[in-house]
Amino acid sequence: MLAASPPPRDTDGRTDLPRYDDTEIHVDGTGRERWGSRSGFLLAAIGSAIGLGNIWRFPYVAYDNGGGAFLVPYLVALLTAGIPLLVLEYTLGHRYRGSAPLTFRRLHRRAELLGWWQVGVCLLIASYYAVVVAWAGAYTVFAVDGSWGSDPDAFFTDSYLGAVEPGALGGFRPGVLIPLLLIWGVTLTVLSGGVRRGIERANRVMIPVLVLSFAALVVRAVTLPGAADGLDALFTPDWAAMTDSGVWVAAFGQIFFSLSVGFAIMITFASYLPKRADLSGNAFIAGFANSSFELLAGIGVFAALGFLALSSGVAIDEVATEGVGLAFVVFPSMISELPALNGLFGVLFFGSLVFAGLSSLISIVEAAVSAVRDKFALSRRRAVAFVGGTTATLSLLYATAGGVNLLDVVDNFVNLFGVAVVGLVEVVVIAWALRQLRPLQQHAAPISAVPLRGWWVPTLTVVTPLLLGIVTIDNLRSELAEPYATADGTYTVGFVTAVGWGAAATALAIGIALTLPRWHRSVDLVTVPAHEEVAT
Amino acid sequence: VSTAAVVTMTLATLVLVGGLIGSILVGTRRSRRDGDDRPR
């Protein structure tokens with residue numbers, strides 16, 4: 001009814017109408033890309049959430065924090081932090097129809113930095129995440145004939161990475177560099193294709209293949225001798241752990257890092273949703289899908305570890321580990337011990353890592369591409385070339401012999417003091433400083449299938465910031481008490497300070513640097529373009 | 001596998017997969033009503 005008459009503006013070009021009633025009446029003249037269907041959006045959101053951490057982090061975190069009892073705080077964290085944050089970010093992106101910086105700029109003039117800070121975190125994460133996916137790609141080939149031989153640890157560290165002392169770079173490692181360039185080629189090609197023909201189409205292939213491949217692995221793993229011991233180790237509950245605050249901190253940390261919240265991706269993806277989009281329903285589906293995959297990964301990984309422990313004649317706790325060590329040392333050992341079809345299951349495992357990592361990498365880079373497009377009014381191809389070219393160039397650092405040391409420290413600090421801190425700031429700013437939860441609920445509730453009234457605002461106002469604050473303070477306290485990996489002599493304090501704290505500070509510096517330039521004159525920073533029924 | 005581990009694993013699967021299927025069913029019913037999932 002109001003669409004025909006443009007809103008009155010003052011001399012600064014600002015509307016003087018209420019900002020929460022203007023969705024239908026303000027069009028800034030720029031069309032925004034659109035998902036082809038709801039399932040396309042969901043597959044992309046789930047693909048972003050399901051990453052390497054689901055496979056190599058969750059199983060060990062659960063095992064190390066009370067086993068089966070960990071699932072209670074984990075579920076509480078999913079319902080009181082993970083899903084509410086997903087709803088928040090979907091609603092922000094859908095309401096303000098922009099990448100994270102544009103969304104926060106439209107929310108409040110001074111909030112733009114928050115969006116660019118998230119983009120800075122994305123760029124740093126993408127630069128090393130691509131390298132880990134490249135390792136997995138190389139290992140998919142190695143798995144065919146078990147190239148790692150009888151000592152996967154020495155193969156990975158010495159033969160493949162050629163690791164040197166922390167602080168030295170060494171030369172490029174062709175075995176890392178070549179797959180890295182291929183990974184960037186695929187990522188940038190997908191992103192150049194756009195939201196529907198690139199990201200959505202890629203995830204329609206990758207996510208089903210990932211789930212089926214991993215399910216086949218799990219079926220094989222649970223039928224191996226010793227699998228029962230592994231499942232016992234993972235699922236036997238240690239109820240005493242529930243009284244340990246560290247277990248709750250671990251559960252909230254796992255949910256937070258696993259769901260791709262707090263770093264611009266979900267806001268960006270939601271900005272491509274149509275007018276009628278089930279925001280809360282989508283958040284529940286993505287949250288439960290991500291956690292279901294984590295549970296599947298836990299079953300597969302610990303069944304396999306049980307088999308490895310039995311065949312090696314050691315206890316489970318001697319083979320149980322996480323991260324790079326689990327994927328590139330322990331799993332190759334386990335694959336070598338399989339009675340048959342070693343190559344096939346090796347390819348399935350590392351192929352799963354590639355698909356899980358690639359779908360997440362695409363989403364991380366898209367968050368930055370979308371932000372640059374919005375601010376400088378660039379074409380998608382130019383933005384992909386600029387953002388992708390810059391990030392790919394930065395990632396070359398990690399393709400050197402010293403890259404693994406940089407990657408290890410940067411990953412730890414960017415996650416703990418980048419993603420977690422910026423996520424906490426986001427919730428505090430929206431819930432407390434700007435007090436925008438009620439208006440956002442009013443936007444989401446009429447189009448959402450799962451009711452938000454009564455639980456969503458109180459949860460995000462009190463529970464989520466409180467627990468994220470505790471997680472962040474705990475991380476900071478641990479780091480100050482014992483700097484990362486210096487106790488065992490792996491790194492020096494100087495190296496950790498320069499690389500780790502330097503990376504966390506760089507993410508913020510990138511955010512500040514990208515906040516300073518003026519927005520392209522075609523971008524309306526005050527009003528929100530109407531949702532169009534016709535796809536762009 | 002111990003009974004405690006089986007019970008925990010089963011409950012976790014029921015809650016998470018049940019939550020996923022329930023969310024999909026609620027969303028699908030809503031989508032059909034509103035025509036959200038038609039190709040655009």
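In what follows, chains carry the letters A, B, and so on, assigned in the order in which the sequence lines appear, proteins first and then strands, with residues in each chain numbered from 1.
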Trainee: Which bit of B:T13 comes within less than 4.5 Å of chain A, counting heavy atoms only: side chain, backbone, both or neither?
Mentor: both
Trainee: Rounded to the nearest 0.5 Å, what separation is found between the CG atom of A:N282 and the CD1 atom of B:I24?
Mentor: 11.0 Å
Trainee: Return the option, out of A:S292, A:G230, A:G68, A:G281, with the maximum number of heavy-atom pairs under 4.5 Å with chain B.
Mentor: A:S292
Trainee: Which atoms of A:L296 are under 4.5 Å from chain B, going by heavy atoms: the side chain, the backbone, both sets, or neither?
Mentor: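 Neither; nothing under 4.5 Å.
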Trainee: Can you measure from CG (A:L75) to CG (B:L16) and round to the nearest 0.5 angstrom?
Mentor: 6.0 Å
Trainee: Can you tell me how far apart CG (A:L42) and OG (B:S23) are? Round to the nearest 0.5 Å.
Mentor: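 Between atom CG of A:L42 and atom OG of B:S23 there are 10.0 Å.
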Trainee: Tabulate, in ascending numerical order, the residues of residues 231-239 of chain A having at least one heavy atom closer than 4.5 Å to a heavy atom of chain B, or enter 'none'.
Mentor: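 Heavy-atom contacts from residues 231-239 of chain A to chain B are A:L231, A:D232, A:F235, A:T236, A:P237.
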Trainee: Should A:L71 and B:L11 count as side-chain neighbours, where that means a heavy-atom distance under 4.5 Å?
Mentor: no
Trainee: Between atom CG of B:L20 and atom CD1 of A:I285, what is the distance when rounded to the nearest 0.5 Å?
Mentor: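 Separation between the atoms: 7.5 Å.
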Trainee: Heavy-atom distance under 4.5 Å to chain A: side chain of B:V6, backbone, both or neither?
Mentor: neither
Trainee: Which atoms of A:S448 are under 4.5 Å from chain B, going by heavy atoms: the side chain, the backbone, both sets, or neither?
Mentor: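 For A:S448, the backbone is the part near chain B, not the side chain.
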